Every structure is written in C-alpha cells, then in structure tokens.
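Since this is a predicted model, take the numbers as computed values, not measurements. First listed ligand is number 1; within each ligand, the first listed atom is number 1.
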Amino acid sequence: MKIGFIGLGNMGGPMAANLAKAGHEVSGFDVAGVEIDGVTSVETGPAAAEGADVVITMLPNGSILRAVADTVIPAMKPGAVLLDCSTVDVDSARTVAQQAKAANLGALDAPVSGGIGGAAGGTLTFMVGGSDEAFAIAKPLFDIMGQKSVHCGEAGNGQAAKICNNMILGVTMIATCEAFALADKLGLSREAMFDVVSTSSGYSWSMNAYCPAPGVGPTSPADNGYLPGFAAELMLKDLRLSQQAAEAADADTPMGEEATALYARFVEDEDGLGQDFSAMLPRFEKRGRG
Ligand code: NAD
C-alpha cells in the first residue's frame with residue numbers, strides 16, 4: 001500500500017519504520033524534520049497524503065489532530081482511509097471522522113496501548129472506532145504494527161475504550177500503591193503483600209504484571225528507578241481525557257476524578273514529571289495522613 005505517515009515521534013517513528021520494513025511505500029512528515037529508516041521524508045502533511053491509500057496520524061493531542069486533518073483531508077484521494085492512532089478526546093475523533101466522511105474518505109480512530117516498546121516491536125494493541133469497510137482496509141496494517149486490533153464500533157469508540165481502560169488503570173495503580181504503603185506501616189513485608197494480593201481478590205494488572213514495589217513480582221519500572229515505562233504525565237493526559245468525556249456525557253466518575261487530581265498534583269506540584277506512573281508508591285511511602 002501507499003501510506004502517508006504524519007507525526008514521527010517516539011511512537012509514530014517506529015510504527016512507520018515497521019510498515020516500510022514490511023514492504024509498504026511510506027511517505028512521512030513531522031514538523032520536527034525527523035528522518036526514519038525506509039521512510040521517504042516529505043515537506044508537508046498534504047504531500048505525505050497525496051495518492052496514499054491510508055494516511056496515518058500519530059500526534060500529541062486533539063487540537064493538533066484537527067489542524068492536521070484540515071490540511072490533509074483535501075489532499076487525500078477519494079476512498080482512502082484517514083487512520084488516527086493518537087490518543088485524543090472523543091469529540092475531536094468524531095469531528096475529524098465526520099469531516100473525512102463528507103470528503104468521501106474512510107476514517108478510523110485507533111489509539112494504542114503497548115507504549116514505545118510495543119511500537120518498536122510491532123506488538124501494539126489497537127482499539128478501533130469506525131466503519132467495517134475502513135477497518136478491513138486498515139487491518140493488514142494493524143497486523144504489522146501490532147499483535148491485536150479490536151473493532152469497538154462507530155467513530156470515537158476506539159478513544160472511548162482507551163480512556164475507560166486507562167481510567168481503571170490509574171485508579172488501580174493508586175489503590176495498589178497506597179495499599180503497599182499502608183502494609184509497610186503495618187509491618188507486612190512487600191513479598192508477603194505481593195504473594196497474598198496477587199493471588200487474592202485485590203489482584204490486578206497493576207499488582208500482578210507491573211508491580212510498583214521494587215524487587216517484588218515481575219520486572220517492572222520500579223526495578224529501574226521508576227524510569228518510564230508509562231510516564232506519569234501520559235497517565236495524567238489520559239485521565240484528563242476521561243474526565244472531559246465524563247463531563248460531556250454526564251457520567252459520574254468519582255474515582256476517575258480523584259485519580260486525575262492526584263496525578264495532577266504528582267506531576268505538576270511534586271516530583272512526578274518524567275517518572276513512571278507507578279512512582280506513586282515512593283510518593284505514598286514518604287507521606288503520612290496530614
Ligand atoms: P511524541 O511527542 O514523541 O510524538 C509526536 C510527534 O508529532 C512529534 O515528533 C511532533 O514533532 C509531531 N508533530 C506535532 N505537531 C505536528 C504537526 N502539526 N504535523 C506533523 N507532526 C507534528 O509523542 P508520542 O509518544 O509518539 O505519542 C504520540 C501519541 O501516542 C500521543 O497521542 C500519545 O498520547 C499516544 N501514546 C503514547 C504512548 C507512549 O508510551 N509514548 C503510549 C500510548 C499512546
């Protein structure tokens with residue numbers, strides 16, 4: 001396929017490289033002028049989009065996506081698919097999809113989980129919103145860039161799935177970390193705490209697969225000085241998107257709201273910026289109730 005790729009950062013760069021490696025003809029554009037192995041660099045977004053069967057965007061946020069879509073959609077050939085893999089607000093995803101549809105294009109929102117390691121290794125999971133036709137066109141590309149793609153329904157549903165998942169993740173990570181810090185103060189060893197909880201009803205991905213306590217459970221960012229992994233500021237971004245969506249849909253999400261406030265404090269007023277999101281554990285460790 002002929003592919004345009006816009007946004008060649010930490011995630012987009014390796015994703016574009018994997019598509020090129022698999023034999024697709026990839027034209028890439030990034031405002032930062034990035035060069036990627038096997039990808040032809042072009043000077044503008046519309047130049048990357050011209051003649052492409054699929055145009056992939058991997059951008060920082062919804063307002064940048066909207067601005068890029070405004071310039072790229074008119075340059076795309078009828079029947080082509082605009083495939084946004086960024087994590088953005090549901091409203092931006094649905095607006096861009098409508099705009100693409102009006103121009104006789106297919107549109108998919110397909111945010112990912114799996115992080116930079118998943119992007120490099122081609123093992124991402126895609127959560128996809130949009131039509132069956134557009135999904136069928138993009139499926140072979142998902143299979144190269146990832147190991148799983150779940151079609152979640154209409155436009156915007158990929159973003160909805162992503163922020164609901166990450167709201168659960170933020171809340172359970174905080175719960176796991178505060179419980180470890182309480183267990184410390186009650187004199188329980190971390191190993192005992194892990195052995196019990198990971199096989200009891202308090203288990204979760206945060207405890208079992210990404211344990212925030214160093215030296216306990218499987219290897220995780222806690223064993224690497226809390227270097228990300230999944231940075232606290234990216235968790236904060238996703239939690240804020242969940243609260244923006246909850247506000248728009250009139251959904252009551254008290255735990256999501258609390259998790260958003262706590263990650264905001266951690267990232268903006270404390271030392272959370274640049275640390276893994278599981279560094280909530282040393283944060284709780286240092287604190288008392290006051
Ligand atoms: P990044 O900042 O490394 O990359 C974004 C790229 O977009 C940058 O290279 C930037 O120069 C480029 N860009 C910005 N404005 C542009 C424009 N108008 N035209 C062309 N290029 C432009 O970010 P990232 O880590 O690659 O994340 C990309 C998206 O993936 C985000 O939405 C993020 O939330 C999501 N995501 C990231 C991770 C992760 O672990 N990094 C995991 C899952 C999802």
Side-chain angles (χ1 to χ4, degrees), residues 3-18 26-36 39 41-49 52 55-73 75 82-93 96 108-128 142 145-149 158-167 169-170 210 220-221 226-242 244-245 263 267 273-278:
I3 298 167
F5 208 117
I6 301 171
L8 302 165
N10 289 321
M11 297 291 290
M15 289 163 72
N18 283 337
V26 187
S27 295
F29 170 67
D30 190 296
V31 280
V34 189
E35 296 281 336
I36 303 291
V39 174
S41 293
V42 294
E43 295 295 309
T44 64
V55 174
I56 304 177
T57 47
M58 194 52 168
L59 297 163
N61 59 49
S63 58
I64 293 177
L65 170 67
R66 285 175 192 241
V68 167
D70 282 343
T71 67
V72 158
I73 286 174
L82 180 58
L83 166 55
D84 177 47
C85 296
S86 330
T87 304
V88 304
D89 56 289
V90 175
D91 194 39
S92 291
V96 166
L108 295 170
D109 55 293
V112 302
S113 88
I116 297 167
T123 58
L124 294 168
T125 294
F126 292 86
M127 296 149 250
V128 191
F142 293 140
M145 298 185 285
Q147 61 187 0
K148 192 169 178 173
S149 50
Q159 299 295 347
K162 163 101 187 175
I163 57 176
C164 289
N165 180 72
N166 281 15
M167 188 173 81
L169 177 60
Y210 204 91
S220 68
Y226 294 100
L227 287 174
F230 184 41
E233 60 269 26
L234 289 179
M235 173 50 84
L236 176 59
K237 172 190 172 180
D238 292 357
L239 284 167
R240 283 190 164 140
L241 290 175
S242 77
Q244 194 180 332
Y263 272 104
V267 168
L273 186 68
Q275 295 207 64
D276 189 72
F277 82 119
S278 62

query = For ligand 1, is there an atom lying under 4.0 Å from some heavy atom of Phe230?
reply = no
ask   = Which of the numbered atoms in ligand 1 are below 4.0 angstrom from a heavy atom of Ile6?
value = 20 (C)
ask   = Can you tell me the protein heavy atom closest to atom 4 (O) of ligand 1 and the distance?
value = Gly9 CA, 3.3 Å
task = From the options Asp30, Val31, Thr57, Ile64, select the one residue that forms a side-chain contact (heavy atoms from CB on, under 4.5 Å) with Ile6.
result = Thr57
remark   = Ranked by distance from atom 15 (N) of ligand 1, the top protein heavy atom is Ile64 CG2, 3.6 Å
task = May I ask you to list the atoms of ligand 1 that are less than 4.0 angstrom from any heavy atom of Lys162?
result = 43 (C), 44 (C)
query = Counting heavy atoms only, which of Lys237, Met58, Met11, Met15 is nearest atom 37 (C) of ligand 1?
reply = Met11
key: Region of Leu234 engaging ligand 1 - heavy atom pairs below 4.0 Å   = side chain
message = Would the distance check show the side chain of Gln159 and the main-chain N or O of Ser86 forming a donor-acceptor pair, the cut-off being under 3.5 Å?
response = yes
request  = State whether any protein heavy atom lies less than 4.0 Å from atom 23 (O) of ligand 1.
outcome  = no
inquiry  = Can you confirm whether Asp84 sits close enough to Val96 that some side-chain heavy atom of one is under 4.5 Å from a side-chain heavy atom of the other?
reply    = no
message = Could you measure the distance from the CG atom of Leu234 to the CG atom of Asp276? Nearest 0.5 Å is fine.
response = 10.0 Å
Close N or O approach (Ser113, ligand 1; < 3.5 Å) = no
query = Any protein heavy atom sitting closer than 4.0 Å to atom 2 (O) of ligand 1?
reply = no
message = Just to confirm my output: which protein heavy-atom neighbour is closest to atom 16 (C) of ligand 1, and how far is it?
response = Val31 CG2, 3.5 Å
request  = Select one of side chain, backbone, both or neither to describe which atoms of Asn61 lie under 4.0 Å from any atom of ligand 1, heavy atoms only.
outcome  = neither
remark   = At under 4.0 Å between heavy atoms, what of Val34 touches ligand 1? The answer is neither
key: Close-contact set for ligand 1 against Phe29 heavy atoms, below 4.0 Å   = 19 (N), 20 (C)
request  = Among all protein heavy atoms, pick out the one at the shortest distance from atom 36 (N) of ligand 1; state its residue, atom name and that distance to 0.1 Å.
outcome  = Thr87 OG1, 4.1 Å
inquiry  = Give me the residue, atom name and distance of the protein heavy atom closest to atom 31 (C) of ligand 1.
reply    = Leu59 O, 3.3 Å
task = Going by heavy-atom distance to atom 7 (O) of ligand 1, choose the closest among Ala48, Pro60, Ala231, Gly118.
result = Pro60
task = Note the single closest protein heavy atom to atom 40 (O) of ligand 1, along with its residue, its atom name and the distance in Å.
result = Gly115 CA, 3.5 Å
ask   = Backbone N or O of Met235 within a donor-acceptor pair of the Asn166 side chain at under 3.5 Å?
value = no
Lys237 side chain to Pro60 backbone, donor-acceptor under 3.5 Å = yes
query = Short N/O distance, under 3.5 Å, between Asp30 and ligand 1?
reply = yes
message = I'd like to check Phe277 versus Leu169 (side-chain heavy atoms, cut-off strictly below 4.5 Å). Are they in contact?
response = yes
request  = Ignoring hydrogens and angles, state whether a donor on the side chain of Thr123 or Gln147 is under 3.5 Å from an acceptor on the partner side chain.
outcome  = no
ask   = Starting from atom 18 (N) of ligand 1, which protein heavy atom do you reach first, and at what distance in Å?
value = Val68 CG2, 3.5 Å
inquiry  = Using side-chain heavy atoms (C-beta onward) and a distance below 4.5 Å, is Leu241 in contact with Lys162?
reply    = no
inquiry  = Using a 4.0 Å cut-off to any heavy atom of Ser86, which atoms of ligand 1 qualify?
reply    = 32 (O)
Whether Tyr210 side chain and Gly229 backbone form a donor-acceptor pair below 3.5 Å = no
inquiry  = Which heavy atom of Ser41 sits nearest to which heavy atom of Val34, and what is that distance?
reply    = OG-O, 3.7 Å
message = Given 3.5 Å as the limit, does a donor-acceptor pair link the side chain of Asp109 with the main chain of Gly158, or not?
response = yes
inquiry  = Side chain or backbone, does Asn10 bring an N or O within less than 3.5 Å of an N or O on ligand 1?
reply    = yes
inquiry  = Would you call the rings of Phe142 and Phe126 parallel, tilted or perpendicular, taking 30° and 60° as the class edges?
reply    = tilted
